[in-house]
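Mind looking over this structure? Questions follow.
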Amino acid sequence: MDLLEGLNPAQREAVLHPSGPLLVLAGAGSGKTLVLTRRVAYLVKERGVPPSSILAITFTNKAAGEMKERIRPILSGADGLWIGTFHSIGLRILRMESNALGLKRDFSIYDERERLSLIRECMRREGIEDELITPERVASYIEAMKNDAIAPEDVEPSGHLEERLLSLYRVYEDALRKNSAVDFGNLILLPLRLFRENPAILSRYRELFQHVLVDEFQDTNLAQYQLIRLLLNGERNLWVVGDDDQSIYGWRGARVRNILDLERDFPDLRVIRLEENYRSTGTILGAANSVIRNNTMRRGKTLWTRQGEGEKVTLAILESEEEEANWVGRTILDLSKERDLGEFAIFYRTNAQSRVLEEALLRSGIPYEILGGTRFYERAEIKDIIAYLRVILNPEDSQSLLRVINQPPRGIGRRTIELTRAIAERDSLSLFDAILKGMEEGVFRGRGEGVRLFVGQISQLQGLLCLPPFDFLERLLHVTGLLAMWEDKGEEGRVENIKEFLSAAKEFEEDNPGSDIRDFLDHLSLVSDIDSYDQGRGKVALMTIHSAKGLEFPVVFMTGMEEGLFPHGKAVAEGDVEEERRLCYVGMTRAKERLFLSAARRRRIFGKIMEQRPSRFLDEVDRHYLRLYRVDAGPEGGSFGPVDDRAFSTGDLVEHPAFGRGKVLGMKGRDVLIVSFHGAGLKKLKVPPAPLKKVG
DNA sequence: AGTAGACTTTTTTTT
DNA sequence: AAAGTCTACT
């Protein structure tokens, strides 16, 4: 098979790039995944690079999985490749090098909630009860520090507040170590530290990775960028692909600046641009371009397509969120006469918006699938099982131990925990070891039965760790009595979820022959449900726009296009409108054939009904790409009309009796235009009353 | 020790 | 509006 087949000249150049640093600036739908995949295949097949010498970093596990699948037929053995997200690669390195870092090999990985409860515990211990210092505030401070690869000792605190945040950062890191646990940030930070402090290990990896490739480079944070730079050897074979217009994770520490720094850090950087879009119709692309054009902080590029114009983008303003949801349902029903339901996607800004849409689809009998949101693995019954797994593998993990020590009830209450904590403090032991010690000393007296039972179950299960994941979980549920507990309570939903969890384990087992429960647990820690989403299973997909990144659908609905919601009020308050606009651009460019934009005039927020105004992004879409859906025949009907021609939008050519001809550069709010007149220069005009006319 | 009811917080986005 | 957390009662 020809690796260059079907590629345009720029794409070929990117695949064939000889050596040294390369940046591929790839617009939405310009075939970047294809190019990245072919590049990896080309390196192995034509240049004879061993797969294990290639480090390819993707943005999601799903993208990694797809790439492996695509490469497998091209290469006989794709197995040696280092391919995955930054976090999964970091984890792989940490598991291999845990010794050098003084970590237990079976350390736990804490998610959001566990991190927060550990922070709460730290604050309790430090006796901090300050309105200004909430656990969430501490968590986001620590996360921001880690995103920028800043250790506590690197900081010169700016004031009293930061001093306290900083000391909590220290205490928290210490607590993590005591639990033999790491958080997400540490999956990047600890490898970075390892390489910095351990030249021998670093040079081993530098020698190993002959080629480093990074996808979605605009969304890497500083720590990730430093890790990448550190790993490059003298050949400096760094191959990255990204799009500054699609940077939507600034709040997570992502720095578009990494793309700019690249030119500073690598003066011989070669840049290739991919501007031909193979995904969307000309209309969809034009509409998306007209929105992103309003951003000032961008490299500037304009995507083009050979696909036909296609149908207009539909804009609908409905009275309420329920009507909006019903309208989406009706429209899908209507279009589904000619299309499979798997071709539809509904996007929203916040997960909370999914409920109304879900109800409407349910009523219309349209099968759907919600991606993200309250994730399956975050349900209490599933988290209990996961906590058991962690304690079994890593008894030092006191957070997980506390979660399950009395689940199902074993008569272990506050008093027993207090006794255990006291011993743990006294002898600096983990809670688990403190229990063992307490049993020896007989401090539990009448309460001893419960802890004896718990410890017995844990050690019994520790003997079964070599079982395949599914069998192990079955034994765990049996030994602990977890499943029986839910069955006795008549909690059918939870029982169903546990069964679904078991089948997920089975599936994992089949996909990863020879794996054990450790591998399954690692998988659970890093995987999100977008990763296991199979497109085109006859269901409408519902997700946030963030989750939609990297996906494409023939028909896309973007709902809740309202001020305060999208752009989100908090983003506006923090001056991040440009990132919201990029998010809007990302959403619009997911659509291949049809795009629907909608807003509601009234919406329930926090249980309160709010009057909403249409999003400024709707004003920014060039009018000639739009048609308006009008509700004029009651809830069941409506008609399409052209968008009011008198309305102005960015890019329009205009004429003024006094200033002459000019071009609309931008808008401020609903009715203030910024116009550049050929004769009179830049003017701000309010329309109406300004006597401005459109030309052409 | 366990539970019911009051009270609080949540909604920005996620590896 | 709903889920999670806390408190007081049994």
Side-chain angles (χ1 to χ4, degrees), chain A residues 57-64 84-91 109-113 115-117 120 134-136 139-140 143 146-147 182-189 215-216 219-221 223-224 247-254 321 347-356 359 371-375 377-380 406-417 446-447 450 489 522-531 543-550 560 564-574 576-577 579-580 582-584 586-587 603-610:
Chain A
I57 293 168
T58 56
F59 196 69
T60 61
N61 292 293
K62 180 183 157 73
T85 60
F86 268 107
H87 293 88
S88 64
I89 299 285
L91 176 60
I109 305 164
Y110 281 178
D111 66 17
E112 198 74 34
R113 276 163 89 160
R115 192 176 61 150
L116 216 52
S117 73
R120 282 207 185 91
T134 61
E136 289 77 15
S140 76
E143 195 184 332
K146 291 189 173 185
N147 286 336
V182 300
D183 61 11
F184 275 171
N186 279 358
L187 291 177
I188 312 297
L189 216 50
D215 195 4
E216 307 278 10
D219 280 323
T220 51
N221 63 34
Q224 292 165 341
S247 170
I248 56 175
Y249 283 96
W251 50 275
R252 209 168 76 180
E321 53 185 333
F347 299 161
Y348 33 79
R349 176 68 237 270
T350 66
N351 283 304
Q353 290 164 250
S354 67
R355 172 169 266 121
V356 194
E359 283 165 4
L371 285 303
T374 315
R375 284 186 203 66
Y377 297 115
E378 279 171 25
R379 309 208 172 161
N406 202 32
Q407 184 81 340
R410 301 185 176 90
I412 301 172
R414 205 169 36 200
R415 184 79 194 115
T416 313
I417 301 287
R447 294 178 250 264
K489 285 190 180 177
D522 278 351
H523 170 78
L524 292 177
S525 303
L526 294 181
V527 116
S528 67
D529 60 358
I530 205 90
D531 291 325
M543 67 192 82
T544 62
I545 309 174
H546 280 90
S547 302
K549 177 163 153 161
L565 196 58
F566 193 26
H568 197 275
K570 288 205 173 156
V572 176
E574 283 164 28
D576 292 337
V577 174
E579 181 157 308
E580 296 284 299
R582 291 194 290 268
L583 189 59
C584 184
V586 167
R603 180 177 300 273
R604 194 184 290 272
I605 293 171
F606 276 128
K608 243 191 175 151
I609 294 179
M610 305 288 286

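Hydrogens, waters and symmetry mates play no part in the numbers below; they use all other heavy atoms, side chains included. Just so we're clear, the structure is a prediction, and the values are computed from it rather than from any experiment. Naming convention: chains lettered A, B, ... in sequence-line order (proteins, then strands); numbering from 1 in each chain.
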(message) I need the CG-C1' distance between A:Leu565 and B:dT13, as an integer number of Å.
(response)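 So the two atoms are 12 Å apart, to the nearest Å.
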
(request) Please determine, for the side chain of A:Arg355, which listed nucleotide (B:dT12, C:dA2, B:dT13) has the closest atom? (result)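 Of B:dT12, C:dA2, B:dT13, C:dA2 is nearest to the side chain of A:Arg355.
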
(request) Please report the closest heavy-atom contact between A:Ala223 and A:Leu189, naming both atoms and the distance. (result)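 Smallest interatomic distance, heavy atoms only, reads CB-CD1, 4.5 Å.
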
(message) Could you work out, with ring pair (Phe, Tyr, Trp, His ring centres under 6.0 Å) as the rule, every residue matching A:Phe86, not counting sequence neighbours?
(response)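 A:Phe86: no ring pair (Phe, Tyr, Trp, His ring centres under 6.0 Å) contacts found.
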
(message) Please tell me if A:Ser547 has a side-chain N or O lying less than 4.0 Å from either OP1 or OP2 of B:dT13.
(response)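 So the side chain of A:Ser547 is outside the cut-off, no N or O lying under 4.0 Å from OP1 or OP2 of B:dT13.
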
(request) Please work out if A:Phe86 contacts a base, only the sugar-phosphate, or nothing of the nucleic acid, heavy-atom cut-off 4.0 Å. (result)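 Answer is nothing: A:Phe86 stays at 4.0 Å or more from every strand.
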
(request) Please list, chain by chain and in numerical order, all residues satisfying side-chain contact (heavy atoms from CB on, under 4.5 Å) with A:Arg604, sequence neighbours excluded. (result)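 Here the qualifying residues are A:Glu321, A:Ile609.
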
(message) Without decimals, in angstroms, what is the distance between A:Arg120 CZ and B:dT8 C1'?
(response)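 Whole-Å distance recorded here is 12 Å.
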
(request) Calculate the interatomic distance between A:Leu371 atom CG and B:dT13 atom C1'; express it in whole Å. (result)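 It is 15 Å, rounded to the nearest whole Å.
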
(message) Check this one for me: any side-chain N or O of A:Asn351 less than 4.0 Å away from OP1 or OP2 of B:dT10?
(response)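 No, outside the criterion.
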
(message) Let me spell it out: for each of A:Glu136 and A:Ser88, pick the nucleotide of DNA chain B with the closest heavy atom. Which residue's pick is nearer the 5' end?
(response)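 It is A:Glu136, whose closest nucleotide lies nearer the 5' terminus.
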
(request) Using whole Å, report how far CZ of A:Phe347 lies from P of B:dT13. (result)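 Atom-to-atom, A:Phe347 to B:dT13, this comes out as 16 Å.
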
(message) Check this for me, if you would: do A:Glu143 and A:Arg252 make a salt bridge, where the nitrogen-to-carboxylate-oxygen distance has to be below 4.0 angstrom?
(response)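 Looking at A:Glu143 and A:Arg252, the cut-off is not met.
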
(request) Could you measure between the two P atoms, the one in B:dT11 and the one in B:dT15, and give it in whole Å? (result)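 Going atom to atom, P in each nucleotide, I get 16 Å.
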
(request) Name the closest nucleotide to the A:Lys570 side chain, picking from B:dT14, B:dT11, B:dA1. (result)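 Of B:dT14, B:dT11, B:dA1, B:dT11 is nearest to the side chain of A:Lys570.
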
(message) Expressed as a whole number of angstroms, how long is the span from A:Leu526:CG to B:dT14:P?
(response)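 That distance rounds to 16 Å.
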
(message) Taking only side-chain N and O atoms of A:Thr544, does any of them lie within less than 4.0 angstrom of OP1 or OP2 on B:dT14?
(response)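 Yes.
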
(request) Rounded to the nearest angstrom, tell me the gap between atom CG in A:Asn186 and atom C1' in B:dT15. (result)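 After rounding, the gap between these two atoms is 14 Å.
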
(message) Taking the minimum atom-to-atom distance to the side chain of A:Glu574, which one of B:dT14, B:dA1, B:dT12 wins?
(response)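 Looking only at heavy atoms from C-beta outward on A:Glu574, the closest nucleotide is B:dT12.
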
(request) Measure from CG on A:Asp522 to P on B:dT15 and round the result to the nearest Å. (result)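 Checked: the CG to P distance equals 16 Å.
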
(message) Under the criterion of centre distance below 5.5 Å and interplanar angle below 30°, is A:Trp251 classified as stacked on the base of B:dT13?
(response)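 A stacking contact exists, since A:Trp251 sits close and nearly parallel to the base ring of B:dT13.
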
(message) How close do A:Glu579 and A:Tyr249 get, counting heavy atoms only, and between which atoms?
(response)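 Minimum heavy-atom separation between A:Glu579 and A:Tyr249: OE2-N, 3.7 Å.
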
(message) On a heavy-atom basis, which atom in A:His87 and which in A:Phe184 lie closest, and how many Å separate them?
(response)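 Looking at all heavy atoms of both residues, the closest pair is CD2-O, 3.4 Å.
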
(message) Assuming nearest nucleotide by heavy-atom distance, tell me which of A:Gln224 and A:Ile605 is located more 5' along DNA chain B.
(response)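 Closer to the 5' end of DNA chain B: A:Ile605.
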
(request) Compare the minimum distances between each of B:dT12, B:dT14, B:dT15 and the side chain of A:Phe184, then state the nucleotide with the smallest one. (result)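 That would be B:dT15.
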
(request) Measure from the side-chain heavy atoms of A:His568 and tell me the nearest of C:dA2, B:dT12, B:dT14. (result)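 Of the options given, the side chain of A:His568 lies nearest B:dT12.
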
(message) From NZ of A:Lys608 over to P of C:dA2, roughly how many Å is that when rounded to an integer?
(response)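 It is 17 Å, rounded to the nearest whole Å.
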
(request) Side chain of A:Tyr249 only, please: which of B:dT15, B:dT14, B:dT12 is the nearest? (result)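 Nearest listed nucleotide: B:dT14.
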
